[in-house]
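Contents: one structure, followed by commentary.
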Amino acid sequence: MRQQYNDQKSENEGGKEASVDFIRTIVAEDISTNKWNGKVITRFPPEPNGFLHIGHAKSICLNFGIADENKGGRCHLRFDDTNPVTEEDRYVNSIQEDVRWLGWDWGEHLYYASDYFEQMYEYAVQLIENGFAYICDLDASQISEYRGTLKSPGKDSPYRNRSVEENVDLFRRMKEGAFEDGYCVLRAKIDMASPNMNLRDPVMYRILHTEHHRTGSKWSIYPTYDWAHGLEDSIESVTHSICTLEFENHRPLYDWYLDKLEIHHPQQIEFARLELTYTVMSKRKLLQLVDEGHVKGWDDPRIPTICGMRRRGYSPEAIREFCRRIGINKFNSTIDIALLEHCIRDNLNKTSNRVMAVLKPLKVIIDNYPEDEEEWMDAVNNPEDQSAGTRKVPFSKVLYIEQDDFMEDPPKKFYRLGPGREVRLRYAYFVTCTDVVKNDDGKIVELHCSYDPATQGGNAPDGRKVKSTLHWVSASHALRAEVRLYDHLFSKERPEVTAEGEDFRSNLNPKSLQVLSDCMVEPGLKDVRHLTRFQFERLGYFCVDTDTTGDRLIFNRTVTLRDTWAKIKKKGQEK
RNA sequence: UGGGGUAUAGUGUAAUGGUAGCACAAUAGAUUCUGGUUCUAUUUGUCCGGGUUCAAAUCCUGGUACCCCAGCCA
């Protein structure tokens with residue numbers, strides 16, 4: 001289990017200890033009352049039928065976190081593989097990779113529901129023998145019809161009162177593959193009139209002649225989730241079975257099974273799923289986005305899958321911090337994605353090396369700088385971290401600066417370069433714009449500047465100030481790169497809110513991806529490794545995309561820097 | 001014949017009968033070789049109505065709103 005990097009409890013202003021979430025409170029109480037002999041065993045139980053997303057990260061950090069914070073605690077990674085129709089090995093692998101990448105370690109405790117199939121079968125036989133379960137020949141639609149509705153009771157299946165002997169025999173034949181798919185099911189005999197629909201004789205086993213990713217063709221019957229899940233937790237001696245809100249209604253059913261079987265009975269605690277603004281979280285919607293090509297795959301940096309976020313440049317630390325900050329509760333809430341962005345900025349500000357990159361290049365010629373000269377300027381790698389050291393950046397007569405950093409007719413609050421203005425080129429010289437060259441369409445194609453040799457390194461010996469500092473690259477030294485700028489995938493805070501007859505896809509942001517292919521970056525970036533994170537000075541945090549090859553550099557923008565100028569500009573436009 | 005949950009600034013989240021606090025966001029300012037970071041300040045809140053109490057977000061009571069449940073999905 002990983003070392004906890006900071007204590008759960010933090011200090012309030014008044015010096016009071018901030019309280020922990022309600023689940024940790026329960027766990028702490030259970031420890032103090034010795035309810036489980038001091039043990040804390042949690043689990044993260046994904047079904048291997050899809051990729052993990054930030055919502056899963058919330059659950060992962062909760063379960064592994066609680067185990068980690070308590071002495072002797074442990075958290076199991078268990079694949080809930082009870083439905084072979086949708087499950088695949090590739091998901092098993094990606095889930096393990098993602099959990100590990102997030103920084104958690106399940107040690108020896110990797111489990112599969114399918115490892116318990118034999119035991120579950122025996123438990124089922126036990127229930128049948130005690131008259132608590134029966135084989136039902138009703139088909140799916142009949143079962144549904146007999147179940148009744150939310151406001152009216154169901155009615156008993158005509159097969160409800162089969163003898164124990166007949167039930168045992170039929171169940172055995174189900175297992176042996178004597179019947180085709182859907183011929184009959186095993187149901188718990190509870191109460192068809194229960195106000196809780198889950199208790200109206202739920203299905204425990206269905207016949208499925210389907211190859212299972214681990215057990216192959218050994219089984220022709222598979223347990224349903226509701227039957228299996230509580231057993232899995234029980235078999236593993238889980239103490240705190242933490243799940244999402246929608247399973248609250250199922251708890252009485254799990255209680256019923258465990259009580260009838262008289263086996264270890266974990267405590268189930270429910271919490272609310274994570275929702276985020278400007279994105280969608282459900283497996284179904286994510287799948288739809290991928291399948292219909294709205295995004296380029298499960299690791300598209302625009303979707304909140306763990307692999308997508310990894311590719312986007314998110315760090316595990318930032319995701320963990322985010323999960324810590326959002327808290328745990330029992331009511332649905334939607335977290336402002338700005339909090340996630342704050343967490344990654346905060347983390348990357350402290351950890352990422354700075355580098356100069358020009359996204360939309362504008363050529364600048366320093367007229368009074370010698371033609372053949374080049375100088376290598378000292379640049380600080382990370383002002384927040386002395387140990388990151390410095391590097392050399394080449395300067396020469398022809399440079400590129402950002403198009404956005406020049407305006408021919410600058411408004412009042414624009415501090416950057418303009419005709420006749422002097423600015424600092426970071427780590428290099430003060431330069432003054434002397435001429436603007438335009439093409440036939442009136443577009444600015446080139447700037448001429450003069451530099452002040454006395455300001456070498458970026459400081460004026462006479463102490464004169466300059467209103468802004470620009471980033472730049474030397475044209476002859478720069479490396480060409482492609483940069484992918486990402487914006488929110490949806491243009492609405494809540495993509496699900498749509499006009500009549502439309503769905504969340506109508507809120508897709510057409511500008512969620514902007515590809516710039518003529519970017520110029522400093523030469524030090526020549527042999528960067530995939531997923532290395534940088535701050536491009538004054539622009540944002542970027543990471544090396546996995547499409548990058550030896551001769552093709554590609555960066556993903558993780559998040560912009562906070563941008564006060566953009567706000568001012570926007571406000572000006574709104575007026 | 002319905003049942004199970006939940007409501008605190010814009011968004012999250014604390015306060016378990018005793019000053020409604022924190023974070024994000026927003027706004028203003030200071031610092032700055034990143035319009036970044038950092039620092040300071042400011043705005044905004046207990047779903048509604050009654051009641052108990054010296055004192056209620058908290059206890060009682062009556063409403064209201066929202067979420068979940070009728071898969072042989074998980």
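Protein chains get the first letters and strands the later ones, always in sequence-line order, with residue 1 at the start of each.
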Verify the contact: side-chain N or O of A/His471 to OP1 or OP2 of B/U34, cut-off strictly under 4.0 Å; return yes or no. no

Do [X] side-chain and [N] base share a donor-acceptor contact under 3.5 Å?
X        : N     : answer
A/Arg354 : B/U34 : yes
A/Arg416 : B/G35 : yes
A/Glu493 : B/G10 : no

Please tell me which of the listed nucleotides, [options], lies nearest to the side chain of [X]?
X        : options             : answer
A/Ile335 : B/A28, B/G36, B/G12 : B/G12
A/Arg325 : B/U1, B/U37, B/A23  : B/A23
A/Leu561 : B/G35, B/U34, B/U37 : B/U34

The side-chain contact (heavy atoms from CB on, under 4.5 Å) partner of A/Arg187 among A/Thr224, A/Ile135, A/Val203 is A/Val203

Hey, does [X] reach any base, or is it just sugar-phosphate, or nothing, if we go heavy atoms under 4.0 Å?
X        : value
A/Lys567 : sugar-phosphate
A/Thr334 : sugar-phosphate
A/Gln535 : base
A/Arg562 : sugar-phosphate
A/Ala193 : base

Return the set of residues passing ring pair (Phe, Tyr, Trp, His ring centres under 6.0 Å) with [X] (not counting sequence neighbours), or none when no residue passes.
X        : value
A/Phe79  : A/Tyr112
A/Phe51  : A/Tyr91, A/Trp298
A/Phe179 : A/Tyr183
A/Phe430 : none

Contacts of type salt bridge (Lys or Arg N to Asp or Glu O under 4.0 Å), residue A/Glu537, not counting sequence neighbours: A/Arg426

What's touching nucleotides 5-7 of chain B from the protein side, N or O pairs under 3.5 Å?
from, atom 1, to, atom 2, distance (Å)
B/G5, O2', A/Glu248, OE1, 3.3

Gap in Å between the two P atoms, one belonging to B/U53 and one to B/U11, rounded: 36 Å

Can A/Gln456 and A/Glu375 be counted as having a side-chain donor-acceptor contact under 3.5 angstrom? yes

Among A/Arg345, A/Glu341, A/Gln535, find the residue that satisfies the side chain to side chain donor-acceptor pair (under 3.5 Å) test when tested with A/Tyr541. A/Gln535

Closest-nucleotide mapping onto RNA chain B: is A/Ile328 or A/Phe536 further toward the 5' terminus? I mean the 5' end. A/Ile328

Secondary-structure string, 5' to 3', Watson-Crick or G-U under 3.5 Å, | for another-strand partners, for RNA chain B: .((((((..((((....[..)))).(((((.......)))))....(((((..]....))))))))))).....

Going by side chain to side chain donor-acceptor pair (under 3.5 Å), name the pairs with one or both residues in residues 188-199 of chain A, residues two or more places apart or in two chains. none

Expected list for residues 153-160 of chain A near RNA chain B, using heavy atoms below 4.0 Å, is A/Pro153

Is the CZ atom of A/Arg162 crowded by more than 12 outside heavy atoms at less than 6.0 Å? yes

Do other residues, nucleotides or ligands put more than 12 heavy atoms under 6.0 Å from A/Lys330 NZ? yes

Given the options A/Tyr400, A/Phe395, A/Tyr429, A/Phe406, A/Trp472 meets ring-ring contact (aromatic ring centres under 6.0 Å, His included) only with A/Phe395

Glycosidic conformation of B/G71, syn or anti, with 90° from 0 as the boundary? syn

With A/Trp565, which residues qualify under side chain to side chain donor-acceptor pair (under 3.5 Å), at least two apart? none

Test of understanding: with side chain to side chain donor-acceptor pair (under 3.5 Å), list the residues that count as partners of A/Glu493, not counting sequence neighbours. none

Nucleotide-resolved protein contact map, nucleotides 69-74 of chain B, B/S/- at heavy-atom distance under 4.0 Å: BBSBSB

